[in-house]
Amino acid sequence: QVQLVESGGGLVQPGGSLRLSCAASGSIFSIDDMGWYRQAPGKERELVAGIITSSGRTNYADSVKGRFTISRDNAKNTVYLQMNSLKPEDTAVYYCNAVVYYKGDGRMDYWGKGTLVTVSS
């Protein structure tokens, strides 16, 4: 099993910054990918940023590219999401995600409970 705990959310003004953290524990050796998703009120959950465990390759949603950066600290089993130039439309609950892939059998996703980011004046 994998357990994920997010932290770092809060209220910020437009143009401000936050850094989210996600600490992983449990069967961390099995994790292939990690990422951040978000879900705004009335919206579908969407991928914000992802990072591949083995290579460090990252990907971002177009809406956050150039503003957000996903990174990892392997010694702490933690991934981060640095969010700069925040906009009101970034307001959402942000969820940490860990993925275990099985060849021919799809994938297993683990989720944190989420941390709320509110961007407002």
Side-chain angles (χ1 to χ4, degrees):
Q1 299 296 316
V2 174
Q3 295 81 44
L4 305 172
V5 179
E6 306 101 332
S7 62
L11 174 65
V12 297
Q13 295 185 346
S17 298
L18 282 176
R19 188 178 73 163
L20 306 183
S21 299
C22 173
S25 61
S27 301
I28 56 175
F29 57 87
S30 66
I31 297 174
D32 292 302
D33 302 340
M34 295 192 71
W36 289 94
Y37 286 71
R38 67 185 181 188
Q39 188 166 24
K43 303 293 184 180
E44 297 284 336
R45 187 174 298 190
E46 63 177 348
L47 176 66
V48 177
I51 185 166
I52 299 174
T53 300
S54 60
S55 69
R57 183 180 178 89
T58 59
N59 65 283
Y60 298 90
D62 288 341
S63 60
V64 307
K65 194 170 296 183
R67 299 188 296 121
F68 291 10
T69 303
I70 187 170
S71 62
R72 63 186 180 185
D73 185 337
N74 290 330
K76 296 181 178 180
N77 297 316
T78 300
V79 296
Y80 304 93
L81 185 67
Q82 179 66 47
M83 305 184 294
N84 298 326
S85 301
L86 283 162
K87 305 174 180 179
E89 53 262 43
D90 295 318
T91 296
V93 177
Y94 285 71
Y95 297 91
C96 184
N97 166 250
V99 182
V100 177
Y101 291 102
Y102 303 100
K103 291 184 178 179
D105 294 316
R107 58 188 271 175
M108 180 178 294
D109 284 78
Y110 299 88
W111 298 93
K113 294 186 181 298
T115 185
L116 177 63
V117 173
T118 303
V119 185
S120 176
S121 298

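Positions are given from 1, in the same order as the sequence printed here.
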Asker: Could you state the interatomic distance from CG (Asn97) to CG (Leu4), rounded to the nearest 0.5 Å?
Answerer: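 Output value for this atom pair is 7.5 Å.
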Asker: How close do Val2 and Ala98 get, counting heavy atoms only, and between which atoms?
Answerer: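 Distance-wise, the nearest heavy atoms are CG1-CB, 4.3 Å.
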Asker: Quick one: list whatever passes side-chain contact (heavy atoms from CB on, under 4.5 Å) with Val93, sequence neighbours left out.
Answerer: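 For Val93, the residues satisfying side-chain contact (heavy atoms from CB on, under 4.5 Å) (neighbours in sequence not counted) are Tyr95, Leu116.
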Asker: Using the rule that Ile, Leu, Val, Met, Phe, Trp and Tyr join whenever any side-chain heavy atoms are under 4.5 Å apart, tell me whether Leu81 and Ile51 fall into a single cluster.
Answerer: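 They do share one cluster, since a chain of ILVMFWY contacts under 4.5 Å joins Leu81 to Ile51.
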Asker: Please check this pair: side chain of Thr118 against backbone of Thr91, looking for a donor-acceptor N/O pair closer than 3.5 Å.
Answerer: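 No, Thr118 side chain to Thr91 backbone: no donor-acceptor pair under 3.5 Å.
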Asker: Do Asn84 and Ser17 have side-chain N/O donor and acceptor atoms under 3.5 Å apart?
Answerer: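 Indeed, the side chains of Asn84 and Ser17 share at least one donor-acceptor pair under 3.5 Å.
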Asker: Flag the pair Leu47 / Asn59 as yes when at least one side-chain heavy-atom distance between them is below 4.5 Å, and no otherwise.
Answerer: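 Yes, their side chains come closer than 4.5 Å.
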Asker: Do Arg38 and Asp90 come close enough that some side-chain heavy atom pair is under 4.5 Å?
Answerer: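 Sidechains of Asp90 and Arg38: in contact.
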Asker: Would a 4.5 Å heavy-atom cut-off, applied to side chains only, mark Ile31 and Tyr110 as touching?
Answerer: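 No, side chains not in contact.
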Asker: From Thr58 OG1 over to Phe68 CZ, what is the distance, rounded to the nearest 0.5 angstrom?
Answerer: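 Taking OG1 in Thr58 and CZ in Phe68, the distance rounds to 14.0 Å.
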Asker: I need the Ile52 CD1 to Arg72 CZ distance, nearest 0.5 Å.
Answerer: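 Answer for the CD1-CZ pair, Ile52 versus Arg72, is 9.5 Å.
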Asker: Drop me the distance from Leu18's CG to Gln82's CD, to the nearest 0.5 angstrom.
Answerer: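 The distance works out to 8.5 Å.
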Asker: Check step by step if salt bridge (Lys or Arg N to Asp or Glu O under 4.0 Å) holds for Asp32 and Arg107.
Answerer: CA-CA 10 Å; Asp32 292 302; Arg107 58 188 271 175; over 6 Å; no
Asker: Below 4.5 Å, heavy atoms only, C-beta onward: do Tyr80 and Cys22 meet side chain to side chain?
Answerer: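 Heavy-atom side-chain distance check fails, nothing below 4.5 Å.
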Asker: How long is the straight-line distance from CD of Gln3 back to CG of Asn77, given to the nearest 0.5 Å?
Answerer: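 Between Asn77 CG and Gln3 CD, I get 12.0 Å after rounding to 0.5 Å.
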Asker: Show the nearest heavy-atom pair for residues Ser63 and Arg67, with the distance to one decimal.
Answerer: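 Reported closest heavy-atom pair: O-NH2, 2.9 Å.
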Asker: Hey, mind stepping through Thr115 and Ser7 against side chain to side chain contact (heavy atoms under 4.5 Å, CB included) and telling me if it holds?
Answerer: CA-CA 6 Å; Thr115 185; Ser7 62; 5.8 Å; no
Asker: Test of understanding: clusters of I, L, V, M, F, W, Y form through side-chain heavy atoms closer than 4.5 Å, transitively. Do Val117 and Val79 belong to the same one?
Answerer: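 Yes; tracing contacts between hydrophobic side chains, which count when under 4.5 Å, links both residues.
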Asker: When rounded to the nearest 0.5 angstrom, what is the spacing between CG in Asp62 and OH in Tyr60?
Answerer: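 So the gap between those two atoms works out to 13.0 Å.
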Asker: Examine distances only and state if a side-chain atom of Glu6 and a backbone atom of Lys113 form a donor-acceptor pair shorter than 3.5 Å.
Answerer: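 Yes: the side chain of Glu6 pairs with the backbone of Lys113.
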Asker: Nearest heavy-atom pair of Ser30 and Ser27: which atoms, and what distance?
Answerer: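 Smallest heavy-atom distance, with atoms named: OG-O, 2.7 Å.
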Asker: Using the rule that Ile, Leu, Val, Met, Phe, Trp and Tyr join whenever any side-chain heavy atoms are under 4.5 Å apart, tell me whether Val12 and Met83 fall into a single cluster.
Answerer: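 Yes, Val12 and Met83 fall within the same hydrophobic cluster.
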Asker: May I ask whether Met108 and Phe29 are part of the same hydrophobic cluster, defined by side-chain heavy atoms of I, L, V, M, F, W, Y residues being less than 4.5 angstrom apart, directly or through others?
Answerer: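 Hydrophobic grouping puts Met108 apart from Phe29.
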Asker: Do you reckon Ile28 sits in the same ILVMFWY cluster as Trp36, going by side-chain contacts under 4.5 Å, direct or chained?
Answerer: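 Shared cluster, yes.
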